[in-house]
Amino acid sequence: MIDYQQSLNPAQLEAVTFTHGPVLVIAGAGSGKTRTIVFRLAYLVEKGVVPENMLLLTFTRKAANEMLSRAAALVGRELGSVSGGTFHGFCFLLLRKFAGVLGYNNGFQVMDSGDSEDIIRGIRSELRLGKGDRSFPRNRTILSLISKSRNKEVSLEKLIEKDAFHLREYTEDIDRVKNAYFMEKQRLSLLDYDDLLFFTERLLSENREVLEFVRSVYRYIMVDEYQDTNLVQARLAGLIASREGNIMVVGDDAQSIYGFRGADVGNILDFPGLFPGAHIVRLEENYRSTQPILDLTNNILAHMDAKFEKKLYSSRTEGIMPELIRPASDMSQAKMVMSRIIELNTEYPLHEIAVLFRAGYHSYPLEVELNKASVPYQKFGGIKFSEAAHIKDVLSLTRLAGGSPDFLSWKRALGLLPGVGPKTAEKLFKAYELGDHQQLINFAGKHKEFAELRDLMTSLSEFGGNPSLVVSSVISFYGPYLEKQHAEDLPRRLGGLEQLEQIAAGYDELDIFLADMVLEPPDALGYSAREDALVLSTIHSAKGLEWPAVMIIDLVEDRLPSRHALLDPSEMDEERRLLYVACTRARDYLGLFVPCCVHHRASGFHQPVSQSPFISELSSNLFKELRETTLGRLKPRKESPSGGHVPHQRSSVAASAYCRHKLFGRGKIIMAMPPNKYKVNFPGFGLKIINGDYLEIEE
DNA sequence: AAAATTGACATTTTT
DNA sequence: TGTCAATTTT
């Protein structure tokens, strides 16, 4: 028997043992949230709940698996079949089981955003939209608008009005693309990420018996990271749980950082409304960080209108003060981070040190330095493994082997063959669909490579859908193409394919493997593979993780907060929460870096930047400040009348508008400006503020 | 019709 | 920096 009293604090114990009825756990950063879920799983098992009746929804499947194995270790035996994973993964499995009910009698494929973009590209050329119009929105922009409007459940028109004002004249065109995109998906039996959620909702609300089935199976539900669920996800949780109401959701409104994807902090606030009488438990004791770090993070919290009041405290009262370091530029920032790393490395192994940033490209200068000094590092966030061309090629070929090939994979796979492009691929797909074998045979007769591909498919069908065998054969077929197409960095790409092979070996069903490659791209794979490597990560990808030493770089306006957020107070709040999440990852050491100027790609020059407003907000007794001297050394900051930072000369937003205007002679530029914040004067140009918030420059 | 070349552009965050 | 679309060459 497990001694719960001994192992948990009173709040945790309450969350673990309150198993009947809805519970909302407000879990501050580092408050033992995972531990609580793990013990609850164990507790349920000890109380005799069958594992099949439990559902654990988390942010990644890796997180779910980790919790399950920790719970198993606690109970002392295998837990068996608890369903665990992401909402999307759960929905996929459910839809797959009931595909027929929704009318997908021949099954369906899940597509990633690249596939969606391909469809949109096709639609645009068919509708002849934006031909010759340089400022017509990009396909990926269109896609993200469509997806955002669905996730936030706001009409496209309203969304564009609010989030993409500069595209308002294209609203109608984007709407046409959206409608065509929906029809095309339907026609090709393809579901995108959002479809998985919405179709599941439809399945459950329109089919009583399916709903009853699901409810009878999943009787104990736990949802982690509830602050990052969107409206449909909350409704899904409600649908599944609302008969017995044995649901526990865990989250922290202060850590909601996926608003851009439609996550709604409102969910966590409305939980008591969705489940009347919900029991609320607060976990506020922090087991991760030292008190000086918590003092700083509490100070960040103080500046937002956090809805659930909380103040974290720690028993680790001793600790070093967080540092605020001001390098002269982002280049010297990279050098100074390097020297900090070397210092910290005497005390911590590399993998216990992390550098965090807002966007993937912010780490480029640092990566250059790391490579120069050959410091091994592992980067999280940014480009996805499965978005790389060679991976997509192999996955498309693998999909062809899956029985009923979807059009997109077919097109991609056949496009590899010399002399075959979109037109020919389309013609052949038609022939295939109509069962016109003669045409295919004819083509194979005069096209050696096509015949080879066909033979490959025939031999693959003998593997009975064994992922490992299929993928290895596909890779050996693909080898020559890889050499021809991507000769430059062959070894790296070959390594990637090897990884893919290993991943496939962990599956026994081909279509589950393929769906997972879309739903959970294995970017974290290298994490366990590389033992002692420095961690570089976007703040978003750092969610839920912790390190003894954490450095956060580029804490300047335009980067954190991102330029996009400057206009909208609620987006500014999300940026602030982002900083909060980043800082609360640190156990012992926290370093904040504020470069005085950063390299601007557009102009090619270094431009002065002002420090992030979130840094200005902090009380200065919460950190130790260091400045770079002209010699490149650090010394403690001296009080100076100017407040010690580079005066803001000109907003880079306005500056880049000015440059573009000057260089390209555009007649008129309209762009978003923070109200009253920047007064800009350019000789020879008239400036107007329209709608209060928009800057117009004209000759 | 496909392949190669040029030219322009935009950079958040992710299931 | 790499990507994407338009243009030219094969």
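The chains referred to below are lettered A, B, ... by the order of the sequence lines, with proteins before strands, and numbering in each begins at 1.
Atom-to-atom, OH of Y364(A) to C1' of dT11(B) comes out at 9 Å; the value is rounded to the nearest Å. For the pair R121(A) CZ and dC4(C) C1', the computed distance is 8 Å after rounding to whole Å. Atoms CE (M517(A)) and P (dT15(B)) sit 13 Å apart, rounded to a whole Å. Whole-Å rounding puts the I257(A) CD1 to dT14(B) P distance at 9 Å. Distance CG (D115(A)) to P (dT15(B)): 16 Å, rounded to an integer number of Å. In this structure, the CD atom of E225(A) is 14 Å from the P atom of dT14(B), given to the nearest Å. Rounded to whole angstrom, the span from the CZ atom of R559(A) across to the C1' atom of dT13(B) amounts to 15 Å. We find that CD of Q255(A) is positioned 16 Å from P of dT14(B), with the value rounded to whole Å.
Picking from dC4(C), dT12(B), dA1(B) the nucleotide with the shortest atom distance to the side chain of S562(A) gives dT12(B). Nearest to the side chain of K423(A), among dA1(B), dT15(B), dT14(B), sits dA1(B). When distances run from any side-chain atom of Y361(A) to the nucleotides dT14(B), dA2(B), dT11(B), the shortest one goes to dT11(B). With distances taken from any side-chain atom of S541(A) to the nucleotides dC9(B), dT14(B), dT15(B), the minimum falls on dT14(B). For E117(A), counting side-chain heavy atoms from C-beta on, the closest listed nucleotide (dC4(C), dT12(B), dA5(C)) is dC4(C). For F260(A), the side-chain atoms get nearest to dT14(B) when compared with the rest of dC4(C), dT14(B), dA2(B). In this structure, the nucleotide among dA2(B), dT14(B), dT12(B) sitting nearest to the side chain of R261(A) is dT14(B). Of the listed nucleotides (dT12(B), dA1(B), dT15(B)), dT12(B) has the atom at the smallest distance from the side chain of A359(A). Listed nucleotides dT13(B), dA2(B), dA10(B) differ in distance to T538(A); the shortest reach to its side chain belongs to dT13(B).
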Problem set entry | Full working for salt bridge (charged side-chain N to carboxylate O under 4.0 Å, His left out) between D118(A) and R412(A) | CA-CA 10 Å; D118(A) 285 346; R412(A) 180 165 194 119; 5.2 Å; no
For this session: Apply side chain to side chain donor-acceptor pair (under 3.5 Å) to R261(A) and N230(A), showing your working.
Result: CA-CA 8 Å; R261(A) 201 174 81 187; N230(A) 63 21; over 6 Å; no
For this session: Applying side chain to side chain donor-acceptor pair (under 3.5 Å), run through Y580(A) and Q255(A) and close with a yes or a no.
Result: CA-CA 7 Å; Y580(A) 177 73; Q255(A) 292 187 67; 5.6 Å; no
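Within the 6.0 Å centre-distance limit, the rings of F90(A) and Y218(A) are counted as a close aromatic pair. Ring centers of Y258(A) and F260(A): under 6.0 Å apart, within the cut-off.
Each of H540(A) and L417(A) was matched to the nucleotide of DNA chain B holding its nearest heavy atom; the match closer to the 5' end belongs to L417(A). Residue whose closest nucleotide on DNA chain B sits further toward the 5' end, between T424(A) and Y258(A): T424(A).
OP1 and OP2 of dT3(C) both lie 4.0 Å or more from every side-chain N or O belonging to N139(A).
Within the 4.5 Å cutoff, the side chain of D192(A) has no heavy atoms near those of the V110(A) side chain.
Pairing analysis of DNA chain B (Watson-Crick: purine N1 to pyrimidine N3 plus N6-O4 or O6-N4; G-U wobble: N1-O2 and O6-N3; both under 3.5 Å) yields stems of 3 or more pairs at B:1-10 with C:1-10.
Across all strands, D194(A) comes closer than 4.0 Å to no nucleic acid atom at all (heavy-atom distances).
Salt bridge status for K372(A) with E367(A): absent, with no side-chain N to carboxylate O gap under 4.0 Å.
Using a distance-only test at 3.5 Å, with no hydrogens or angles considered, a donor-acceptor pair links the side chain of T58(A) to the main chain of T60(A).
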